[in-house]
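Notes for the one structure printed next.
Letters go in sequence order (proteins before strands), and every chain restarts at 1. All values derive from a computational prediction rather than experimental measurement.
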There are 2 protein chains.
Amino acid sequence: MSDTRTRILDLANQLTQSKGFNGFSYLDLAAEIGIKNSSIHYHFKAKADLALAMVERHRETTTKQFAQLDHGVESPQARLSSVIRYFEADLRDGKICLCGMMAAEFQSISEEVRRELALYFRGFQDWLSKQFSEMGHANPPQSALQFLSALEGSLLLARIQGDVSVVSQALDGFVNG
Amino acid sequence: MSDTRTRILDLANQLTQSKGFNGFSYLDLAAEIGIKNSSIHYHFKAKADLALAMVERHRETTTKQFAQLDHGVESPQARLSSVIRYFEADLRDGKICLCGMMAAEFQSISEEVRRELALYFRGFQDWLSKQFSEMGHANPPQSALQFLSALEGSLLLARIQGDVSVVSQALDGFVNG
DNA sequence: GATTGTATCTACATACATGTAGGTAGATAT
DNA sequence: ATATCTACCTACATGTATGTAGATACAATC
């Protein structure tokens, strides 16, 4: 386990969230980390390999975080609020959802990464669905899809409008209503 | 007014919707249109100029289309349905909202284009707000923001899931409910 | 008829992105 | 001690993106 590999993944993740996966190069990663770009190639032979590793890792991390929320937070409303605050925090650094960003870059990513993204969103929707089910919603999967859509869209809008509160304006109805 | 200029704008618009503004080059435009890339530079000195012209034109077009809907379609519900069908049609060609795509590319676009995008979304929200006002919603601007967020997000999700119906699942509640 | 403007071209300059080839220095295993 | 592995390096090859300089052909204006 090289620490460098983790640093590459961390940095690539941050840069993808702010500038998109096509918005940075191996040279950028190398310069920031303080090694040569060929060393990035040592860890991730091609940039497509980095994309896949990054999205896979993010999906695992997210799955664990959902499990932690299920154990540590009692009400589904409080869990949803917690998720919203998580994305708002990234947004304050100009970062949107990693997978939302890569979904916009759909056309330039590999079939494998597309599958991973679809699985991420599927997992997210399933988790949301359980929350809305607990909250007694009539159609939990649909509520989940509405929440997820509104989340991804509001992140884009909020960044353009320079107003983080757009996210809660778009989503608070799901937590209270 | 050269027809070439319009063809460049049309093609750039389509490519931005499917691959993003950073997803194509002047060489791509030139090859498709059948001229040399320096001729593209003749019409739009730098790519940033093309971006600005494209977004300005799109904002004007959209404003006119909203006015046409206001005149030609009687109920606000039918107008919203019409807007949804418009985006679904593009989505079937792998194209999402031009400004949603460019919002994802926020970090690499000029301050001027950012302002244009903010104006586009502001105009869109204001128009939606009028529709929800006519429909008797308690908080029209918030309904408008929720609709717009859900629209932009659902386009991303639908393309990744390969399922156009995601859009109507996310938005039908606004038209009926 | 001479000048200017429009729309295109050829040719080139610069920079950068992606990736390969092959080498090195230190740690680990046999 | 030798061989192999890990993590990095230098150097380079190739392709592409953006953009500039200057020429050309043709139409419109003066």
Side-chain angles (χ1 to χ4, degrees), chain A residues 1-55 57 98 101-102 104-114, chain B residues 1-55 57 98 101-102 104-114:
Chain A
M1 308 294 125
S2 89
D3 176 52
T4 301
R5 188 188 153 90
T6 302
R7 287 176 68 198
I8 294 169
L9 285 170
D10 289 346
L11 182 57
N13 201 310
Q14 284 176 41
L15 287 171
T16 302
Q17 285 183 270
S18 63
K19 308 171 62 166
F21 187 73
N22 296 320
F24 65 89
S25 71
Y26 269 29
L27 288 169
D28 295 328
L29 295 176
E32 176 70 25
I33 293 175
I35 57 178
K36 298 295 167 178
N37 81 28
S38 50
S39 302
I40 312 285
H41 280 287
Y42 170 77
H43 293 283
F44 303 97
K45 191 147 180 57
K47 209 183 172 194
D49 300 320
L50 172 59
L52 186 59
M54 190 179 68
V55 178
R57 187 184 73 149
L98 176 76
M101 179 64 92
M102 298 199 76
E105 295 174 300
F106 178 77
Q107 296 281 4
S108 67
I109 61 180
S110 71
E111 190 53 50
E112 253 183 318
V113 173
R114 290 178 187 183
Chain B
M1 309 319 118
S2 88
D3 177 52
T4 301
R5 190 188 152 91
T6 302
R7 288 175 69 197
I8 294 168
L9 285 170
D10 288 345
L11 182 56
N13 199 310
Q14 284 175 42
L15 287 172
T16 302
Q17 284 183 270
S18 63
K19 308 169 64 166
F21 188 73
N22 296 320
F24 65 90
S25 69
Y26 270 28
L27 288 169
D28 295 328
L29 295 176
E32 176 70 24
I33 292 175
I35 57 178
K36 298 296 166 180
N37 80 29
S38 49
S39 302
I40 313 282
H41 280 286
Y42 170 77
H43 293 282
F44 303 97
K45 191 146 180 59
K47 209 184 171 193
D49 300 321
L50 172 59
L52 186 59
M54 189 178 69
V55 178
R57 187 184 72 148
L98 177 75
M101 180 64 92
M102 297 200 77
E105 294 173 302
F106 178 78
Q107 296 282 4
S108 67
I109 62 180
S110 71
E111 189 53 49
E112 253 183 318
V113 173
R114 289 179 188 182

Checklist entry - Thr4(A) side chain N/O closer than 4.0 Å to the phosphate oxygens (OP1, OP2) of dA7(D)? => result no
Checklist outcome for this item: For Ile109(B) and Arg114(B) the tightest heavy-atom approach is O-NE, 3.4 Å
Checklist entry - Rounded to the Å, how far apart are Asp49(B) CG and dT18(D) C1'? => result 13 Å
Item to check | Min side-chain heavy-atom separation Asn22(B)-Ser108(B) under 4.5 Å | outcome: yes
Would you tabulate the nitrogen or oxygen pairs shorter than 3.5 Å linking the protein to nucleotides 16-23 of chain C?
residue: dA17(C); atom: OP1; partner: Ser25(A); partner atom: OG; Å: 3.4
residue: dA17(C); atom: OP2; partner: Ser25(A); partner atom: OG; Å: 3.4
residue: dT18(C); atom: OP1; partner: Lys47(A); partner atom: NZ; Å: 3.3
residue: dT18(C); atom: OP2; partner: Tyr26(A); partner atom: N; Å: 3.3
residue: dG19(C); atom: OP2; partner: Lys47(A); partner atom: N; Å: 3.0
residue: dG19(C); atom: N7; partner: His41(A); partner atom: NE2; Å: 3.4
residue: dT20(C); atom: OP2; partner: Lys45(A); partner atom: NZ; Å: 3.4

Checklist entry - Which heavy-atom pair separates Met101(A) from Gln17(A) by the least distance, and what is that distance? => result CE-O, 3.6 Å
Checklist entry - What's the CZ-P distance between Arg5(A) and dC8(D), to the nearest Å? => result 12 Å
Checklist entry - Under 4.0 Å: is that the gap between some side-chain N or O of Ser39(B) and OP1 or OP2 of dA7(C)? => result no
Item to check | Smallest separation among heavy atoms of Met102(B) and Met54(B), with atom names | outcome: SD-CE, 3.8 Å
Item to check | Note, Leu50(A) side chain near Tyr26(A) side chain (heavy atom, < 4.5 Å) | outcome: yes
Checklist entry - Counting just side-chain N and O atoms, does Tyr42(B) come under 4.0 Å of either OP1 or OP2 of dT8(C)? => result no
Checklist entry - Among residues 104-113 of chain B, which residues get a heavy atom nearer than 4.0 Å to DNA chain C? => result none
Item to check | Axial cation check for Tyr42(A) ring with Lys36(A), 6.0 Å and 45° limits | outcome: no
Checklist entry - Is the shortest heavy-atom distance from the side chain of Phe21(B) to the side chain of Val113(B) under 4.5 Å? => result no
Next on the checklist: Once rounded to the nearest 0.5 Å, what's the spacing between atom OG of Ser39(B) and atom CG of Leu29(B)?
Outcome noted: 12.0 Å
Checklist entry - Hey, does Asn13(B) have a side-chain heavy atom less than 4.5 Å from the side chain of Leu9(B)? => result no
Next on the checklist: Assess the residue pair Ser25(B) and Asp28(B) against the criterion (side-chain hydrogen bond (donor to acceptor under 3.5 Å, both in side chains)); give the C-alpha distance rounded to whole Å, side-chain angles, the decisive distance to 0.1 Å, and a yes or no.
Outcome noted: CA-CA 5 Å; Ser25(B) 69; Asp28(B) 295 328; 3.3 Å; yes
Next on the checklist: Quick one, Asp10(A) and Arg57(A) - any side-chain contact, counting heavy atoms below 4.5 Å?
Outcome noted: yes
Item to check | Whole angstrom value for the distance that separates P of dT8(C) from CZ of Phe44(B) | outcome: 12 Å
Checklist entry - Which ones in residues 29-36 of chain A lie close to DNA chain D, meaning a heavy atom under 4.0 Å from one of its atoms? => result Ile35(A), Lys36(A)
